[in-house]
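Contents: one structure, followed by commentary.
So that the names make sense, note that chain A is the first sequence line, chain B the second, and so on, each numbered from 1.
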Amino acid sequence: MPEMHADRRQHSITDVFLEDIYSIPGGDKIKDCIQCGTCSASCPTSYAMDYTPREVIASLRAGLLDRVLKSNTIWLCASCYYCTVRCPAGVKLTDVMYELKRLAVEFGYVEKRAKAPVVSKLFVDLVDKNGRIAEVELVSKFMIKTNPLAALSMMPRAWKLFKRGRMPLIPHRIKGVEELKKSASTIEEISGLHAGTGKTAEEA
Amino acid sequence: MQEKFEPKIVGFLCRWCAYTGADLAGTSRIKYPPNINPIRVNCTGRVDPTLVLKALASGADGVLIGGCHPGDCHYTNGNIKTLRRFKLLQNMLDQFGIEKERVRLEWVSASEGERYARVVESMTEEIRNLGPLNWKRKEMEVIA
Amino acid sequence: METTTKFSYYPGCSVEGMNKAYDKSARVVCEALGVDLVELNDWNCCGASAYMSIRELRAHLLSARNLALAEKEKKDLVVVCPACLTTLTKTNHYIAENPRLKKTITTALKAANLQYYGSVKVRHLLEVVVNDVGENEIKSRIKNSLQDLKVAPYYGCQLTRPFGEVDDPEFPTMLDKLLGWIGAKPVSYPLKAKCCGGMLMMTKEDVGLELTKNLLACAMENGAECIATICPLCHMNLEAYQDNVNKHFGTDFHIPILYFTQLIGLAFGFSRKSLGIDDELTPSKALLEKHLEVVR
Amino acid sequence: MPEKIGVYVCHCGTNIARTVDCKSVAEYASHLPNVAVARDYQYMCSDPGQEMIKKDIHELGLNRVVVASCSPLMHESTFRRAVSSAGVNPFLFQMANIREQCSWITENRELATNRAKAIIAGAVTRVSFNEPLEIKKVPVNPDVLIVGGGITGIEAGLQIADSGRKVWLVEKEPSIGGYMARFDKTFPTLDCAACILTPKMVSVGQHENIELLTYSDVIDFSGYVGNFTAKIRKRPRYVDEEKCNGCGQCEQKCPLSVPSEFDCNLGKRKAIYRPFPQAVPGTPVIDREHCLYFTKGACRVCEKFCPRGAIDFEQKERIVEVPVGTAIIATGFDVFDASRVKEYGYGRLPNVITSLEFERLTHASGPTAGKILLRNGKPPETVAIIHCVGSRDHNYNEYCSRVCCMYSLKTAHLVHEKTDAKVYEFYIDMRAFGKGYEEFYKRLLEEDVTFVRGRVAEVSEVAQNPSEKGKLVVVAEDTLLGIVRRIPVDMVILSLGLEPRKDALEVAHTFSISRSRDGFFLEKHPKLAPVSTAADGIFVAGTCQGPKDIPDSVAQGGAAAANVLSLIDRKEVELEPSIAIIDENVCSGCKICLGLCPYHAITFDEEKSVAVLTAALCKGCGVCVAACPSGAIEQQNFTNSQLLAEVEAVSA
């Protein structure tokens, strides 16, 4: 496959997707899909998906990746890996879902208040800031961003957890956080402006 | 522009496994670098070190010995005898100052066309990186 | 005979935060078993699924930093969170299989004066306890057998999937075995390795509740009195969301959820407090008093 | 006589000419030493091509020939014959492979052309050193060994025996019949398997030209085409086959019942038993592992009741050595072990059964006398049939097992016919390629079987609603609708794929044949020599070569028989002349070669203190040649001078 242009937007979303997915070990197995539906029927959440996991690959083949990136399908994947272990063609479908999530964010396919992307982005920010994640901080910021009113309904459980010492409020920051940032910026340099960094459209 | 170095590899292939596997690669139209000159023998057991050294002394940059997988030899265990001899051969090459990557012993079954192609491909690349072997010293001519 | 096996220990963010009891009980039990857990100095987030969903290379970097730190210690790296297990193992595999990825990560680590050669083995504590410590050692320390307490072993997803290196990805048996050793009666139920919903409980609550409800119902129908967990996230969903499940589906679940380390600790005679059992939202005291000789 | 070499470069249509510049290659060859003529031509293997060589031999006085074309495995013998008919010894011919290992492997015309030149230079240089050789002919032993008494081995055996040749038929089990004897009906005609098989079995048992060795296996096979020796181990039956008349008294009286392997352990048999009533031979065997006399030291009831005194507890294993000229391997297949697919619940969920178990259930003489019943003895109201279990799956076997689609249809038909059950069939792709198969599929569509296109993800016992309570829930995506369906059923039948026999590797070693990547035995050519192997005189037939149905297995059995008979009728075979020769004037008597020869072809003459070769035993591996420190051993047609010349030329 020819090298990708530094600006991935020069390419079709299908090409960008394939470039990324083939770079995962065993990623090219996606070509072997026989559309048997084992993934869909193994998936605990496919019942709630706009498109079943099998239809994700069918859409890709039909040049209709757009509709998948806009759909709720990718954000319903809970990473249980049933599809991956059972797939008779060896397609690493969970990795495919991760890749689609990244592309959806990178290419601006997600709505601003869509919960799953928001929590993922928050997660990344907090980890980048501290080197670790503090769940309490994550959850509270998430609630404020998505649905401040619903936060109230969480209060009873939060209070119970707090009483039991399960709500540590001060996040831990690792000592090597600055070093880690250096490593991270090295990665950004190597991989180019957008490639695989997951910078969102706005950020870029 | 400097011309790309095309390594010359001599392949001693046993007729039952590696040669048939190499044929299968062709029949299946699997592509690999055309840098290998196959020489068919009945069994890798026939390949004595003189033949390998002769190839290197005559201008080959590498030698591939291709036989059946252990346990699959048509002549019971000729390939195992080759394996033992191969270790000695490697020591010999070492003494001559020849990189041991230039001579490979590989097991390729009659059904492993793809594998044969990949072996030749990786070997060609490896030798391309090593560069040409200019090894025509006097003592060598004596041995071969 | 007193032997100790040393491991590097990676608690993971979740255990450091809302699931301290897991960490606490793991340390107590390991000490008793002569398994020396040395916490990995300055470890960072493993780059778990939420991170991986946004940034691929940097998720691998996060994992690789931990692996590089662990490599210096020259010991196997033990985790208690299966998600950390999968994330770290995945990076291990992918670096080994993809030279380009390896080069990128190596260069990035170098910027932080780190190096990773790929030699660290990542293991889940359950597997260490079952395979390295073993039946005899565990049985010999039992002071307070669980006396036929009916426990549903819950494996969740990522202990065995996708890699399947430690147990069967469909029907694992490791925890069943362990529960038997400490006197409990492992409940056989078909959903033991199914998904609890994971992070969906935050982002898509109705789906998360559905999956968790199915698990609770199936364990109960098969006679479970409590559920043993090996994952902080599963634990959270099964335990802290039982109320929500009941509200959402009109059910009436009150089933205690205990970490496998807490159950071992109880069998070894440790107090509930020292194992963090007091922190739970669904009380287990009454149940434990029914089965254990001494409940402290 | 000065060497006059003719070089012929074949275009092979465009197969070679597309990437190799044949004209310039011929031009290059014409300047090589001793080359008298070099030509290129469209198809060298065609009659005009061969005629061209013959004409040049006559007119130009060529005494050596090189043809640069395809692999020697394809046409070496063709050209050897051609030069021979023009009076040149066939071993003064050398083939250069510029197709399989040159023109087909690259798109780079320049590199391919250069490579072809080097290969031809090697062959031209070598051919100067070639020596005329005489091909030795040896008589073919007309007796034939057939390994495996399934339908394939039976067919081959009867064909050969009917021609008046002697057949040694070796079967591992107590009876011949193989898997077909366990089937109820056969697709697509639905004729009863036993009705068409048992007459053939009886013929085998009674045939004067067939020596049937059941409960036996081949433990060693040595020699060469036309003259093999098979060493056969005959396990003790503890019943004298000569005396026994198959009355069955012993079976009736035996007090011990154990699960019947023939019935997939669904039914019982006795410790002395015939696997099924029509077994051939009709002599029972005593199962040593269970028999009370062998395990506890007392009983011998069978002995007491046998009217012929045929029971013989003292019987011992016998080794029979049989000289044969040819062999047919027809060892068949194993079914896939369904318990490996844990999510389908076989072995855990009682009403999940295999297709083979179904065959026994529906068989009139099976454990339920042909009734299709659940474990609780009730007939099922809904049945699911799952295709491709263990096939088309990178976790198990990548290949398609070829028979499952059709036998699944047959299963559906039988369920339909014998019960009122609603039948669901879950398939990935419906493969109905044989004669009458598509019509059979259509028939099943008309019989109202519900076909769901989707591979089943799991069979679950967890009910999510009242209609699923107490049922097996089959979960699959209906891929034509894009929705996941949960279908509650009473019985699940897993359509098992076919696998190589567990001992296939051992058998391959015994007979020096190869296996393909999937583990089945490797044929010489997938299209043009489907029942031959790389080992002359040894043939493969039926499912040991790859999954196939009964018609194809029978066809292959017949094909193998024809191959064998053709060999026998030739009366003689030519031996590979590339054997070793020892120059006793040079031999130093170091004995290194003695230990290396795998065929004990080299002995030591103590008097002369030299090694001596028995030519008939030598197979021409050349191991001794490479090892001889004094260079006293040469290999005909692979002499040191031939190989060194070729090496030097291709390396230059």
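Heavy atoms of D:A118 lying under 4.5 Å from chain B belong to its backbone as well as its side chain. Using a 4.5 Å cut-off between heavy atoms, B:Y19 touches chain D through backbone and side chain atoms alike. Neither the backbone nor the side chain of B:E112 has a heavy atom closer than 4.5 Å to any heavy atom of chain D. Neither the backbone nor the side chain of B:I9 comes within contact range of chain D; no heavy atom of the residue lies under 4.5 Å from a heavy atom of that chain. Heavy atoms of D:N637 lying under 4.5 Å from chain B are absent altogether. Proximity to chain D (any heavy atom under 4.5 Å) is shown, for B:L51, by both the backbone and the side chain. Both the backbone and the side chain of D:E648 come within contact range of chain B, judged by heavy atoms closer than 4.5 Å. Only the side chain of B:L13 has a heavy atom closer than 4.5 Å to any heavy atom of chain D. Looking at D:A123, neither its backbone nor its side chain comes within 4.5 Å of chain B, counting heavy atoms on both sides. Heavy atoms of D:I513 lying under 4.5 Å from chain B are absent altogether.
Contact count against chain B (heavy-atom pairs under 4.5 Å) is highest for D:A626 among D:G622, D:A534, D:A626, D:A649. Looking only at heavy-atom pairs under 4.5 Å with chain B, the residue among D:V625, D:I105, D:V647, D:L522 that has the most is D:I105. With chain B as partner, the option from D:R515, D:E100, D:K619, D:Q101 having the largest number of non-hydrogen pairs under 4.5 angstrom is D:Q101. Note: B:A60 leads B:C17, B:P49, B:A60, B:P33 in heavy-atom pairs under 4.5 Å with chain D. In terms of heavy-atom pairs under 4.5 Å with chain D, the best-connected choice from B:L24, B:N35, B:V52, B:V120 is B:N35.
More than 12 heavy atoms of other residues, nucleotides or ligands lie within 6.0 Å of CD in B:E101, so this atom counts as buried by the packing criterion. More than 12 heavy-atom neighbours from other residues, nucleotides or ligands sit within 6.0 angstrom of CZ on B:R128. Other residues, nucleotides and ligands place no more than 12 heavy atoms under 6.0 Å from the CZ atom of D:R517. At most 12 heavy atoms of other shown residues, nucleotides or ligands fall within 6.0 angstrom of atom NZ in D:K524.
No salt bridge links B:R29 with D:E107; every basic N to acidic carboxylate O contact stays at or beyond 4.0 Å.
D:V650 is listed as a side-chain neighbour of B:I39, based on a closest heavy-atom distance under 4.5 Å. A heavy-atom distance below 4.5 Å is not found between the side chains of D:S512 and B:W16. Under the 4.5 Å side-chain criterion, counting only non-hydrogen atoms from C-beta, B:D23 is in contact with D:N97. Using a 4.5 Å cut-off on side-chain heavy atoms (C-beta onward), D:V623 and B:Y75 make no contact. B:R40 places a side-chain heavy atom less than 4.5 Å from the side chain of D:P72.
Taking CZ of B:R46 as the reference point, atom OG of D:S578 lies at 10.5 Å (rounded to 0.5 Å). With rounding to the nearest 0.5 Å, the separation of CG in B:L56 from OG in D:S651 is 8.0 Å. Here the CD atom belonging to B:E6 is positioned 9.0 Å from the CD atom belonging to D:E110, to the nearest 0.5 angstrom. Note that the SG atom of D:C624 and the CG atom of B:D48 stand 11.5 Å from one another [nearest 0.5 Å].
Of the possible donor and acceptor atoms, one in the side chain of D:R115 sits under 3.5 Å from a partner among the backbone N and O of B:P34. No side-chain donor-acceptor contact under 3.5 Å links B:N42 to the backbone of D:C621. In terms of modelled atom types and a separation under 3.5 Å, the side chain of B:K31 and the main chain of D:T106 share no donor-acceptor contact.
Of all the heavy atoms in D:E646 and B:P38, the pair that sits closest is OE2-O, 4.4 Å. Here the shortest heavy-atom pairing between D:P598 and B:K81 reads CD-NZ, 4.1 Å.
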